[in-house]
Q: 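Please see the structure below; I have some questions.
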Amino acid sequence: MSATDTATSHQPLFSGLWIALVTPFKDGAVDHPALAALTTRLRADGVAGFVACGSTGEAAALDKAEQLQVLDTVLSAAQGLPVVMGVSGYHQGQVLEQVRTLAHYPVAGLLVSAPHYIRPSQEGLLHWFRTLADASAVPLLIYDIPYRTGATLTTETLLALAAHPRIEAIKDCGGNTAKTQALIADGRLQVLTGEDAQIFHTLALGGAGAISASAHWQAPRFVELMDLMRAGDLPEARRVWQTLLPWVEACFAEPNPAPLKAVLAQAGWICNELRAPMMPASEALAQRLQSVAEVSRP
């Protein structure tokens, strides 16, 4: 067992730094060698796990066969590090089919968002998540991201869902600090922020960690930040966070993952390619990112 494994072995599974992986493309197709190399690189940086086919992974632009191929590549390259698979949609029968298909894969959990576009009631949201959790072979992480789905999960709904034995964590992009605090205080769900700018704040409140896009770059610094917060060294953690914050802010100056892919392409790790209607980062932002990425180095 490595030092990293030892350090994280007493932590809950859904805690620490998880990487919301990009999906590299090359000439219109998924670039599996680049994806495998990226996953291998990040695994060596001490991250807790990976999320495949989330919003950062442009899952909406991948067909179902491509999504499963991406998952296969990530599972292989992760070499036993836990992998969570993104699941989304608004047709309950089709999403249930996804969940049942994924029962045949060694994933650690499923990251499930509310059904987008249709905006169900709170009762409808309870039914959605409970039905999917009942059908799942692995734990569910609720992906609370109302600005993408159009559906707001109330604190009461989330606390009710926390009672389900297979709903164990939340990727918190709800934008409501009071809700975040209530979930942390309740303690049944592991609260991981999905808003990178809120990583320090969520950890300071007692959150479990983060599912981060920007941590593709300088991942060891983000791991260090979490270790410092866990150890209670707030002054040093604050110093590390202040060096990372300009990078985090620049990484979301245009729609994710375009800025991130621009930097990873500048480093030679992937091609700077996205699937329409996503567009590459502007030239002005690419230049800004290059300078900020250098400054964020230790």
Q: For Q266 versus A286, what's the shortest heavy-atom pair and its separation?
A: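 Scanning both residues, the minimum pair turns out to be NE2-O, 3.1 Å.
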Q: Between H201 (side chain) and Q198 (backbone), is there a donor-acceptor pair under 3.5 Å?
A: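 Flag not set: sc H201 to bb Q198 has no pair under 3.5 Å.
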Q: Determine whether a donor-acceptor pair (N or O, by modelled atom type, separation under 3.5 Å) exists between the side chain of D144 and the backbone of I170.
A: no
Q: Mark yes or no for whether H216, through its side chain, and I19, through its backbone, hold a donor-acceptor pair below 3.5 Å.
A: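 Looks like no, no N/O pair under 3.5 Å.
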Q: Could you tell me whether the side chain of P120 reaches within less than 4.5 Å of the side chain of P115, counting heavy atoms only?
A: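 A side-chain contact exists here, since the closest heavy-atom pair is under 4.5 Å.
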Q: Taking Q190 for its side chain and E168 for its backbone only, find out whether a donor-acceptor pair lies under 3.5 Å.
A: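 Not at all, since once roles are kept as given, no pair shorter than 3.5 Å links the two residues.
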Q: Examine distances only and state if a side-chain atom of T149 and a backbone atom of H116 form a donor-acceptor pair shorter than 3.5 Å.
A: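 Not a single qualifying donor-acceptor pair exists.
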Q: Under a 3.5 Å cutoff, is there a donor and acceptor pairing between the side chains of S55 and Y143?
A: yes
Q: Quick one: CG on L17 to CG on D227, what's the gap to the nearest 0.5 Å?
A: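 It is 10.0 Å, given to the nearest 0.5 Å.
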Q: Kindly indicate, with the supporting measurements, whether the criterion side-chain contact (heavy atoms from CB on, under 4.5 Å) is fulfilled by W241 and L228.
A: CA-CA 10 Å; W241 177 241; L228 289 166; over 6 Å; no
Q: Taking salt bridge (charged side-chain N to carboxylate O under 4.0 Å, His left out) as the criterion, tell me which of E58, E273, E254 meets it with K261.
A: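 That would be E58; it is the only one of E58, E273, E254 passing the salt bridge (charged side-chain N to carboxylate O under 4.0 Å, His left out) with K261.
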Q: Consider side chain to side chain contact (heavy atoms under 4.5 Å, CB included). Of L125, D172, I142, which one does L158 pass it with?
A: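 Single side chain to side chain contact (heavy atoms under 4.5 Å, CB included) partner of L158 among L125, D172, I142: I142.
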Q: Could you check whether atom OH of Y147 has more than 12 heavy atoms from other residues, nucleotides or ligands sitting under 6.0 Å from it?
A: yes
Q: Would a 4.5 Å heavy-atom cut-off, applied to side chains only, mark D45 and V223 as touching?
A: no
Q: Judged by modelled atom types alone, do T243 and R221 share a side-chain donor-acceptor pair under 3.5 Å?
A: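 Present: a donor and an acceptor within the cut-off.
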Q: Is R43 reaching over with its side chain to a backbone N or O of L81, donor-acceptor style, under 3.5 angstrom?
A: no
Q: Between atom CG of L140 and atom CZ of R130, what is the distance when rounded to the nearest 0.5 Å?
A: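 Between atom CG of L140 and atom CZ of R130 there are 13.0 Å.
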Q: Would a distance-only check, ignoring hydrogens and angles, find a side-chain to backbone donor-acceptor pair under 3.5 Å from R188 to L159?
A: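 It does hold such a pair.
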Q: Evaluate side-chain contact (heavy atoms from CB on, under 4.5 Å) for L21 paired with T56, printing each intermediate quantity in order.
A: CA-CA 6 Å; L21 283 165; T56 300; over 6 Å; no
Q: Would you kindly confirm whether V84 and L102 end up in one hydrophobic cluster when ILVMFWY residues are joined by side chain heavy atoms under 4.5 Å apart?
A: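 V84 does not cluster with L102.
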Q: Let me check something: do I211 and L153 share a hydrophobic cluster, defined by ILVMFWY side-chain heavy atoms less than 4.5 Å apart, either directly or through other members?
A: no
Q: Are more than 12 heavy atoms from other residues, nucleotides or ligands located less than 6.0 Å from atom CD of E97?
A: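 No.
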Q: Quiz question: by atom type and distance under 3.5 Å, do the side chains of T157 and Q122 form a donor-acceptor pair?
A: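 Present: a donor and an acceptor within the cut-off.
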Q: At their closest point, which heavy atom of G109 faces which heavy atom of V138, and how far apart are they?
A: CA-CG2, 3.8 Å
Q: Could you walk me through whether E66 and R275 pass salt bridge (Lys or Arg N to Asp or Glu O under 4.0 Å), step by step?
A: CA-CA 13 Å; E66 286 177 316; R275 280 192 176 168; 2.8 Å; yes
Q: Roughly how far apart are C173 SG and E195 CD, rounded to 0.5 Å?
A: 4.5 Å
Q: Find out whether V240 and F200 are in side-chain contact, i.e. whether some heavy atom of one side chain is under 4.5 Å from a heavy atom of the other.
A: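 The answer is no, as the side chains (C-beta and beyond) never meet within the 4.5 Å cut-off.
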Q: How close do A135 and L96 get, heavy atom to heavy atom, and via which atoms?
A: CB-CD2, 3.5 Å
Q: Could you tell me which non-hydrogen atom of D186 sits nearest to which non-hydrogen atom of A162, and how far apart they are?
A: OD2-CB, 4.4 Å
Q: Can you tell me how far apart CZ (F252) and OG (S214) are? Round to the nearest 0.5 Å.
A: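 That separation rounds to 5.0 Å.
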Q: Can you check whether F50 reaches P82 side chain to side chain, under 4.5 Å on heavy atoms?
A: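 Of all side-chain heavy-atom pairs linking P82 with F50, none is under 4.5 Å.
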Q: So if you build clusters from Ile, Leu, Val, Met, Phe, Trp, Tyr with side-chain heavy-atom gaps below 4.5 Å, do L203 and L192 land together?
A: no
Q: Mark yes when over 12 heavy atoms from residues, nucleotides or ligands other than E123 sit less than 6.0 Å from its CD; otherwise mark no.
A: no
Q: Under a 3.5 Å distance rule, please check whether W18 uses its side chain to pair with a backbone N or O of V51 as donor and acceptor.
A: no
Q: For the residue pair I199 and D196, establish whether any side-chain heavy-atom pair is separated by less than 4.5 Å.
A: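 They are in side-chain contact.
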Q: For Q290 and Q287, indicate whether the former's side chain and the latter's backbone hold a donor-acceptor pair under 3.5 Å.
A: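 Not confirmed, Q290 side chain does not pair with Q287 backbone.
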Q: Does any N or O in the side chain of S76 come within less than 3.5 Å of the main-chain N or O of D72, such that one atom is a donor and the other an acceptor?
A: no
Q: Under 4.5 Å between any side-chain heavy atoms of I270 and F25, yes or no?
A: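 Not in contact.
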Q: Pairing donors with acceptors under 3.5 angstrom, does anything connect the side chains of D134 and H164?
A: yes
Q: Looking at K179 and E156, is there a salt bridge between them, counting it only when a charged N and a carboxylate O are closer than 4.0 Å?
A: no
Q: Can you list the steps and then say if V95 with Q98 is a side-chain contact (heavy atoms from CB on, under 4.5 Å)?
A: CA-CA 5 Å; V95 176; Q98 289 180 53; 4.0 Å; yes
Q: Starting at CG of L225, measure out to CD of Q242 and round the result to the nearest 0.5 Å.
A: 11.0 Å
Q: Could you tell me whether the side chain of M278 reaches within less than 4.5 Å of the side chain of P257, counting heavy atoms only?
A: yes
Q: Run the side-chain contact (heavy atoms from CB on, under 4.5 Å) check on T39 and T73 step by step: do they pass?
A: CA-CA 9 Å; T39 304; T73 295; 5.9 Å; no
Q: Using a 4.5 Å cut-off on heavy atoms from C-beta on, say whether the side chain of L141 contacts that of K171.
A: no
Q: Considering all heavy atoms of both residues, which atom of L274 and which atom of P280 are nearest to each other, and what is their separation?
A: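 Taking L274 first and P280 second, the nearest heavy atoms are CD1-CA, 3.7 Å.
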Q: Around Y90, counting heavy atoms of other residues, nucleotides and ligands shown, do more than 12 lie under 6.0 Å from its OH?
A: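 Atom OH in Y90 is not crowded, with 12 or fewer foreign heavy atoms closer than 6.0 Å.
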Q: Provide the closest heavy-atom pair for S113 versus S88 in the form atom of the first, atom of the second, distance.
A: OG-CB, 3.4 Å
Q: Does R119, at its CZ atom, have more than 12 non-hydrogen atoms belonging to other residues, nucleotides or ligands within less than 6.0 Å?
A: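 Atom CZ in R119 is not crowded, with 12 or fewer foreign heavy atoms closer than 6.0 Å.
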Q: Linking I/L/V/M/F/W/Y whenever their side-chain heavy atoms sit closer than 4.5 Å, directly or via other members, would M226 and L245 fall into one cluster?
A: yes
Q: Could you measure the distance from the CG atom of L132 to the CZ atom of R166? Nearest 0.5 Å is fine.
A: 11.0 Å
Q: Any chain of hydrophobic side-chain contacts (each under 4.5 Å) joining L244 to L234?
A: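 Yes.
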